[in-house]
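What's counted below: heavy atoms across the whole structure, side chains too, no hydrogens, waters or symmetry copies.
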Amino acid sequence: MRRTIDWTGDAVTIIDQTVLPAEYRVLELRTVGDLVGAIQRLAVRGAPALGAAGALGVVLATRAKGDVEAEARRVAEARPTAVNLSWGVSRALAKLPEGPDAVLAEALAILDEDERINHEASRLAAEVVLAHCGRRPLRLLSHCNAGHLATVAWGSALGVVWHLQTYGLVESVLVDETRPLLQGARLTAWELAEAGVPYRIQPDGAAAAAMSRGLVDCVLVGADRIAANGDVANKIGTYGLAIAAKHHGIPFVVVAPSSTVDTAMPDGAGIVIEERDPDEVLSFGGTLVAPEGAEVFNPAFDVTPHELITAVVTEKGVLRP
């Protein structure tokens, strides 16, 4: 599969994740406005991919010859919860005094680093999973999408599945559909199908029942921000999964690059949680599915306390809060 996000020499290219699996479409983004719009409507998403997007946004800003720092702030603030976005912006912006070529070189370095870092993080996480579950074909549960599409390449939590699959140690994956935008049903299931990994999609509300029936050996999720104490912000519904996994004695493993760890954030209480457009809940496929004027609570993320997490794994190993 091509990179989820890349640089062609004069534009940012992304795989448009709003139209999968019905259509595989590649978009070219030539302005900061184009990129910010793509980030906000989730055409490009996933913490590691957003890190690359942040850096490439600074590249686009340097080429526009306007106020680079102001445009960089627009990119960094496009989605507040994912720390990788501002991390990517900061890394590229730090090279601005050296000129546009240095900014571009830094952004390209982030692109090149991503696959290596996520490959290593997921390899280490696979060993953690096997240490807790034993070396046998496993039944894994996935929430949202933390695969190739959430990174520049390879994947974080779903990268663990790729490693285990090469060992012949994946029996199947239960894929939470991940309401309201169905990143699990649309994106994770598509990636698993492309890789030939057995899977079943389930409603988010079925996860605890699946655990109670002995259908899950381990839960694997990614992260959008990890606080210094090990609290994890991830796609809404992750916290409930962790509670259910703890109750049923099932390992709950978080996989992310170290750029997702925010050491300036003492704990999860301070993480800003993005709230999305009410229409994501009120309508489906353009059709209203709720009473006219209904009020909506639509947070994009929740925060899972570190006490509920078996391990947070980065490319540096198991995180020690």
For this session: Go through the steps to decide whether Phe252 and Leu308 satisfy the test side-chain contact (heavy atoms from CB on, under 4.5 Å), and finish with yes or no.
Result: CA-CA 8 Å; Phe252 186 95; Leu308 299 176; over 6 Å; no

For this session: Run the salt-bridge test on Arg74 and Glu71 with the 4.0 Å N-O cut-off and return the result as yes or no.
Result: yes

Problem set entry | Salt-bridge contact Arg3-Asp112 (side-chain N to carboxylate O under 4.0 Å) |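 Salt bridge flag = yes for Asp112 with Arg3.
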
Decide whether [X] and [Y] are clustered together by the hydrophobic rule: side chain heavy atoms of Ile, Leu, Val, Met, Phe, Trp, Tyr closer than 4.5 Å, transitively.
{"X": "Val12", "Y": "Leu104", "answer": "yes"}
{"X": "Val303", "Y": "Ile243", "answer": "no"}
{"X": "Met265", "Y": "Leu319", "answer": "no"}
{"X": "Ile201", "Y": "Leu241", "answer": "no"}
{"X": "Val221", "Y": "Val175", "answer": "no"}

Atom [atom1] of [X] and atom [atom2] of [Y]: how far apart are they, to the nearest 0.5 Å?
{"X": "Ser259", "Y": "Asp114", "atom1": "OG", "atom2": "CG", "result": "8.0 Å"}
{"X": "Gln40", "Y": "Leu35", "atom1": "CD", "atom2": "CG", "result": "10.0 Å"}
{"X": "Leu27", "Y": "Asp16", "atom1": "CG", "atom2": "CG", "result": "4.0 Å"}
{"X": "Asn84", "Y": "Asp262", "atom1": "CG", "atom2": "CG", "result": "10.0 Å"}
{"X": "Leu215", "Y": "Leu141", "atom1": "CG", "atom2": "CG", "result": "10.0 Å"}
{"X": "Glu23", "Y": "Thr18", "atom1": "CD", "atom2": "OG1", "result": "8.5 Å"}

When you compare the side chain of [Y] with that of [X], does any pair of heavy atoms fall below 4.5 Å?
{"X": "Val318", "Y": "Val313", "value": "yes"}
{"X": "Leu60", "Y": "Thr31", "value": "no"}
{"X": "Pro198", "Y": "Glu171", "value": "no"}
{"X": "Leu124", "Y": "Val128", "value": "no"}
{"X": "Lys316", "Y": "Val261", "value": "no"}
{"X": "Trp87", "Y": "Ile110", "value": "yes"}
{"X": "Leu164", "Y": "Leu140", "value": "yes"}
{"X": "Asn118", "Y": "Pro257", "value": "yes"}

For this session: Please say whether the positively charged group of Arg2, taken as NZ for Lys or CZ for Arg, lies over the ring of Tyr24, i.e. under 6.0 angstrom from the six-membered ring centre and within 45 degrees of the axis.
Result: no

May I ask you to decide if [Y]'s main-chain N or O and [X]'s side chain share a donor-acceptor pair within less than 3.5 Å?
{"X": "Thr62", "Y": "Gly99", "value": "no"}
{"X": "Asp302", "Y": "Gly237", "value": "yes"}
{"X": "His143", "Y": "Gly184", "value": "no"}
{"X": "Arg186", "Y": "Leu181", "value": "yes"}
{"X": "Ser156", "Y": "Ala256", "value": "no"}
{"X": "His248", "Y": "Ala244", "value": "yes"}
{"X": "Glu106", "Y": "Ala55", "value": "no"}
{"X": "Thr4", "Y": "Thr151", "value": "yes"}
{"X": "Arg45", "Y": "Asn145", "value": "yes"}
{"X": "Asp224", "Y": "Asn234", "value": "no"}

For this session: Identify which one of Arg179, Glu274, Arg276, Glu280 satisfies the side-chain hydrogen bond (donor to acceptor under 3.5 Å, both in side chains) criterion when paired with Asn298.
Result: Glu280

For this session: Check step by step if side-chain contact (heavy atoms from CB on, under 4.5 Å) holds for Arg79 and Phe301.
Result: CA-CA 11 Å; Arg79 296 195 72 194; Phe301 307 97; 3.4 Å; yes

Could you pull out the closest heavy-atom pair between [X] and [Y], with the gap in Å?
{"X": "Ala207", "Y": "Gln202", "value": "CA-NE2, 3.5 Å"}
{"X": "Val312", "Y": "Gly230", "value": "CG2-O, 4.2 Å"}
{"X": "Val160", "Y": "Ala125", "value": "CG2-CB, 3.6 Å"}
{"X": "Ala38", "Y": "Ile14", "value": "CB-CD1, 3.9 Å"}
{"X": "Gly147", "Y": "Leu158", "value": "CA-CB, 3.5 Å"}
{"X": "Thr310", "Y": "Pro251", "value": "OG1-CA, 3.4 Å"}

For this session: Evaluate the criterion side-chain contact (heavy atoms from CB on, under 4.5 Å) for residue pair Arg139 and Leu174; output intermediate values, then yes/no.
Result: CA-CA 7 Å; Arg139 298 157 307 166; Leu174 270 177; over 6 Å; no

Exercise. Is the centre of the Trp154 ring less than 6.0 Å from the centre of the His163 ring?
Worked result: yes

Within 6.0 Å of [atom1] in [X], more than 12 heavy atoms from elsewhere:
{"X": "Arg213", "atom1": "CZ", "value": "no"}
{"X": "Glu275", "atom1": "CD", "value": "yes"}
{"X": "Glu295", "atom1": "CD", "value": "no"}
{"X": "Arg41", "atom1": "CZ", "value": "yes"}

Any side-chain donor paired with an acceptor under 3.5 Å for [X] and [Y]?
{"X": "Thr8", "Y": "Asp10", "result": "yes"}
{"X": "Asp6", "Y": "Thr13", "result": "no"}
{"X": "Thr178", "Y": "Asp176", "result": "no"}

Exercise. When you look at Glu120 and Arg123, which way does the salt bridge (charged side-chain N to carboxylate O under 4.0 Å, His left out) test go after all the steps?
Worked result: CA-CA 5 Å; Glu120 179 63 7; Arg123 183 190 69 81; 2.8 Å; yes

For this session: Applying side-chain contact (heavy atoms from CB on, under 4.5 Å), run through Trp162 and Val197 and close with a yes or a no.
Result: CA-CA 9 Å; Trp162 311 147; Val197 177; 4.0 Å; yes

